Amino acid sequence: MSEFDDLREWSDVQEKDVLVLNTTMTCPLSCDFCCYGCNPKRKEKMPLAEALRLIDQVAELDCFSSIGFTGGEPLYYLDEFLKMTDRAALHAIPYTVATSGFWGADSAQAKITAAHLKATGLRRLNISCDPSHAEFVTPEAVSTAAKLVAATGIPVYIVGTFTNPEDTLKNFVPDLTEVNNVHLVDKIVAKVGRATKWDVNYGAAATDKVKTCYRRVYHDLVVFWDGKTYPCCSTFNRATPGLVVGNAFEEGLSAIRTRVEASLLFRVIKREGFPELYKIIKRLDPELFARMPKFDEYPGACSACNAIFKKDDIAQRVYKVFDLYRTQEILKSMDKVDQILGKENAAAFFENMLVECS
Amino acid sequence: MSRSRKILRTKLETSPTARVTFMSSFLNLLKEQGVDVDDDATIADFGLHLDLTDGKRWFNGSAASSAIITITE
Ligand code: SF4
Ligand code: SF4
């Protein structure tokens, strides 16, 4: 199995960019490992008008193929969630949802919710279920929500997050193992948020570690309730201030997306990975290289990324190095254009590019 | 060196916005000059990590968006 096989199973759809709306930090649960420290008392919530405006923007942009709703609990403010998903449906934009399935506890209401999800274009439902979530939501409620949605033909992924690689959903929710359209995915706790200091056994993952972002092309652009926007849906995003790529309440999604796509830093960590990032930094700024957290000390790309980009001074200097690197590479590519296209075509290329850049 | 190329070079050296535009327009403008931008080997020759960026093979391996999964390592 290659290092990305476990990610491929998540969809049979060729996704392009995904706008992920992290609409609220409110959650009826308070899981002990929550990466965002959510609980019922948290009040942060994305203004509905902003969410709708973002959904409208997705409809205008060819590069987006779906929207993801997450939180906190995206179904907690149900009326607003219904309005957002209605708006997605109006534009025929499919969407996915990550939920705790707490709404499965009331089976009559859950039936109505499942019918709405189906009618408005839900593409996939992810429900978190494991011992930490089960402190607050029973596996029976999860099972009700999962079965109702799966019965409409929509794939449901039950995600169990454990501290030990030997614990599995197969044992935890045996009645969901053979249900049509229901898939079980086991994960290991991330040492972030409430679980920062946990003792976690990463097992085989620690030796066969992922060195790149989880998406190699395209982006999951994640907008939080306050408009802050991140380039990925990694658990570590919010704990990594240096990863903020803009504020989608203050500028268009298109501009943010263009910046992310044009970043050689993201290109390198998405396609080639952190070893290449370190190589470039070592060459262009050996002093920074010496000060940086070492990749070997972290279980994977995202935790290393968090270690590098959570410290403002290091993050800013890495960005500076990569801006220099990009400038050098762009100038080299101009020479290549000359060589490969020949005099006449190269001249036309540069003229057109000058118009674009003016 | 043509005048356009010279001006462009100066712009790229001094303006971050121009660099972003350069990166995002590069493939389209190459296409306009008849380059087969769908061919990995061809675009690799231009540098800028384009072979790794836009090659079709990445779509096979990572078609799935894993939006909202728990990336924990
Ligand atoms: S259900 Fe999710 S968002 Fe809510 S407390 Fe648990 S981990 Fe956090
Ligand atoms: S490596 Fe960094 S940018 Fe990439 S997915 Fe992980 S946290 Fe996000």
Side-chain angles (χ1 to χ4, degrees), chain A residues 4 7-8 10-11 14-15 18 20 68 70 96 98 126 159 161 187-190 202 205 209-210 214-218 220 233-235 258-259 261-262 264 267-268 271-272 299-300 302-303 323 326-327 329-334 336-337 340-341 345 347-354 356-357, chain B residues 1-36 40-73:
Chain A
F4 288 103
L7 299 181
R8 280 178 216 161
W10 283 82
S11 176
Q14 292 262 324
E15 287 280 16
V18 178
V20 179
T70 186
T96 60
N126 302 334
V159 185
T161 307
K187 293 270 166 191
I188 304 289
V189 171
Y202 287 100
K209 74 179 183 186
V210 173
Y214 64 94
R215 290 201 75 183
R216 316 295 292 280
V217 282
Y218 289 114
D220 292 340
C233 207
S234 159
T235 315
T258 302
R259 244 187 349 255
E261 180 63 13
L264 267 200
R267 280 192 192 202
V268 166
R271 280 79 181 196
E272 289 161 281
C302 295
S303 48
D323 198 31
R326 181 169 63 182
T327 308
E329 293 300 298
I330 284 176
L331 297 182
K332 274 195 226 161
S333 78
M334 289 176 73
K336 295 279 180 187
V337 167
I340 298 169
L341 294 192
N345 287 356
F349 175 91
F350 292 130
E351 241 161 67
N352 294 342
M353 187 59 94
L354 184 59
E356 294 284 326
C357 293
Chain B
M1 197 193 289
S2 75
R3 199 175 119 77
S4 303
R5 194 191 192 287
K6 261 191 214 146
I7 303 171
L8 179 64
R9 192 187 161 99
T10 310
K11 251 188 200 312
L12 290 166
E13 281 169 337
T14 52
S15 158
T17 318
R19 291 195 283 276
V20 168
T21 310
F22 184 94
M23 295 292 291
S24 52
S25 311
F26 193 73
L27 283 182
N28 271 346
L29 295 187
L30 280 185
K31 206 170 166 182
E32 276 179 25
Q33 297 309 319
V35 175
D36 179 4
D40 274 0
T42 306
I43 60 167
D45 289 342
F46 290 95
L48 289 176
H49 300 263
L50 290 173
D51 51 335
L52 296 161
T53 305
D54 305 280
K56 286 230 163 46
R57 63 201 154 106
W58 294 112
F59 290 86
N60 301 328
S62 57
S65 154
S66 12
I68 325 184
I69 69 171
T70 320
I71 302 294
T72 56
E73 287 138 25

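What you see is a predicted model; the values in this text were computed from it and never measured. The sequence lines fix the lettering, A, B, ..., with proteins before strands; numbering per chain opens at 1.
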Gap separating the CG atom of B:Leu8 from the CG atom of A:Asn352, nearest 0.5 angstrom: 10.5 Å
Pairs meeting criterion salt bridge (Lys or Arg N to Asp or Glu O under 4.0 Å) with involvement of residues 10-21 of chain B, two or more places apart: A:Asp323-B:Arg19, B:Arg9-B:Glu13
Pairwise salt bridge (Lys or Arg N to Asp or Glu O under 4.0 Å) hits with a residue in residues 25-34 of chain B, at least two apart: none
Could you report the tightest heavy-atom contact between B:Phe22 and A:Cys357, atom names first, then the distance? N-SG, 4.0 Å
When rounded to the nearest 0.5 angstrom, what is the spacing between CZ in A:Phe349 and OG in B:Ser25? 8.5 Å
Could you report the tightest heavy-atom contact between A:Ser333 and B:Phe26, atom names first, then the distance? OG-CE1, 3.9 Å
If you round to the nearest 0.5 Å, how far is CE of B:Met23 from CZ of A:Arg259? 14.5 Å
Residue from A:Leu331, A:Val268, A:Leu341 scoring the most non-hydrogen pairs under 4.5 Å with chain B is A:Leu331
Residue part contacting chain B, namely of A:Ile330, when any heavy atom lies under 4.5 Å: both
Measure the spacing between CG of B:Asn28 and CE of A:Met353 and express it to the nearest 0.5 Å. 9.5 Å
Counting heavy-atom pairs under 4.5 Å with chain A, the top scorer among B:Thr17, B:Val35, B:Leu30 is B:Leu30
Residue pair A:Arg326, B:Leu12: steps toward the side chain to side chain contact (heavy atoms under 4.5 Å, CB included) verdict: CA-CA 10 Å; A:Arg326 181 169 63 182; B:Leu12 290 166; over 6 Å; no
Can you tell me how far the CD atom of A:Glu329 sits from the CZ atom of B:Phe46, to the nearest 0.5 Å? 14.5 Å
A:Thr258 vs B:Thr21 side-chain heavy atoms within contact, under 4.5 Å: no
Point-to-point distance, once rounded to the nearest 0.5 Å, from CG of A:Leu354 to CG of B:Leu29: 11.0 Å
